[in-house]
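Just so it is clear: chains get the letters A, B, ... in the order the sequence lines come, proteins before strands, and each one is counted from 1.
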2 protein chains.
Amino acid sequence: MASTSENLTKNQKTVLGVLENSSEPMKAYTILYDIQKKGIKSPLQVYRALDKLIEIGKVHKIESRNSYVACKHEGCNAKTSTSFLICEKCDNVTELIGNNLFSYFSKQADKNNFKYNKHCLEIFGLCENCKLKNQFI
Amino acid sequence: MASTSENLTKNQKTVLGVLENSSEPMKAYTILYDIQKKGIKSPLQVYRALDKLIEIGKVHKIESRNSYVACKHEGCNAKTSTSFLICEKCDNVTELIGNNLFSYFSKQADKNNFKYNKHCLEIFGLCENCKLKNQFI
DNA sequence: AGTGTAATGTTATAATATTACATTTTGAAT
DNA sequence: ATTCAAAATGTAATATTATAACATTACACT
């Protein structure tokens, strides 16, 4: 068995727990403040846990926001690449999965004689809820 | 006439100048150190200039690197959206342009009942040069 | 000249992330 | 069981990136 939640360390479990219970992406220092009761005292402890969780694909970073989000997809293959829909109104974030972005980007890269390895994609706009609300403004 | 280089302010011209003369993306504080001779003394002056330059599409930000790059494309429409190829070996950055990413992403968003507004895409891999070098390792 | 708006200058500080180094835990090989 | 190396941890300090707050200046338009 590879890297399931079972063989995470204490700090890693704590950080992952906070993220999984959050309805939205969290910043590193917000995570820190949330778990100082649980024995984590320094930013470094959070960043180290995040690094590991990102490495094994349990957590993704949203670059444009310096935020971190737990991945809800069992066995997410987005260990390196990430693709998000980010609502500009309510900050809700959805991960794009099971699509063919990889092959599409590979082709785009090829045209520029560039060898695709991974990507990060962040699409901004309105989520379903906010879209509906917006119609009446 | 809209926002051409002509009606930029002194600070904005200075910052844009540095970026245009750089062969690679620059960080805000690197820009600052480079132009302290020219009367710009504080980070804020750099960030304000960058904000404006980004707003008018003369400069783009590379989110994953906290770096800024001058746009080489006359009348670049990427005022908001950006798409980059980033070499993991040499840090060379190329902007993807004139492609149909917009419509592709709109469709992807639609599938999730999400209204596309803009995006940032960063593709990591090997640029042409580094790809060639790599073959002999 | 007076007014409004944008840009500027300056200081301080907030927010995000890493270095350095000493210590402890873990777990596999003997 | 003991040893050993690798991984993880703890702690303090610091580096890096970005913004807040507020006073001042420049300039176009009346």
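Ring geometry for Tyr68(B) versus Tyr47(B): interplanar angle over 60°, hence perpendicular rather than tilted (30 to 60°).
Checked against dT16(C), dA17(C), dA18(D), the side chain of Lys61(A) finds its nearest nucleotide in dA17(C). Here dT8(C) is the nucleotide among dA18(D), dT16(C), dT8(C) with the atom lying nearest to any side-chain atom of Asn11(B). For Asn66(A), counting side-chain heavy atoms from C-beta on, the closest listed nucleotide (dT9(D), dA7(C), dA17(C)) is dA17(C).
Between the C1' atom of dA26(D) and the CD atom of Gln12(B) lies a distance of 14 Å, rounded to the nearest Å. As a whole-Å value, the separation of Lys13(A) NZ from dA8(D) P is 13 Å. Atom CE in Met26(A) sits about 17 Å away from atom C1' in dA17(C), given to the nearest Å. Going from atom CG of Leu8(B) over to atom P of dA7(C) covers 10 Å, rounded to whole Å. In this structure, Ile56(A) places its CD1 atom 14 Å from C1' of dA7(D), rounding to the nearest Å. As rounded to whole Å, 12 Å separates atom C1' of dA17(C) from atom CD1 of Ile54(A). With rounding to whole Å, Ile62(A) atom CD1 is found 12 Å from dA17(C) atom P. As a whole-Å value, the separation of Arg65(A) CZ from dA15(C) P is 17 Å.
Distances shorter than 4.0 Å separate some side-chain N or O of Lys27(B) from OP1 or OP2 on dT17(D). For Thr9(B), a side-chain nitrogen or oxygen approaches OP1 or OP2 of dT8(C) to under 4.0 Å. Not one side-chain nitrogen or oxygen of Tyr68(A) sits closer than 4.0 Å to the OP1 or OP2 atom of dT16(C).
The environment of Lys115(B) atom NZ is sparse: at most 12 non-hydrogen atoms of other residues, nucleotides or ligands sit within 6.0 angstrom.
No path of Ile, Leu, Val, Met, Phe, Trp and Tyr side chains, each step under 4.5 Å between heavy atoms, connects Phe114(A) with Phe84(B), placing them in separate hydrophobic clusters. The hydrophobic clustering, which links ILVMFWY residues whose side-chain heavy atoms are closer than 4.5 Å, places Leu50(A) and Tyr29(A) together. Hydrophobic clustering (ILVMFWY, side-chain heavy atoms < 4.5 Å, transitive): Tyr116(B) and Ile62(A) are in distinct clusters.
Test His119(A), His60(A), Glu95(A), Glu122(A) against Ser83(A) for side chain to side chain donor-acceptor pair (under 3.5 Å) and you get one pass: His119(A).
Place Ala49(B) and Tyr29(A) on DNA chain C by their nearest nucleotides, and Ala49(B) ends up nearer the 5' end.
For the segment residues 38-48 of chain A, residues with any heavy atom less than 4.0 angstrom from an atom of DNA chain D are, sorted by number, Lys41(A), Ser42(A), Leu44(A), Gln45(A), Arg48(A).
Here the side chain of Glu20(A) pairs no donor or acceptor atom with the backbone of Gly17(A) at under 3.5 angstrom.
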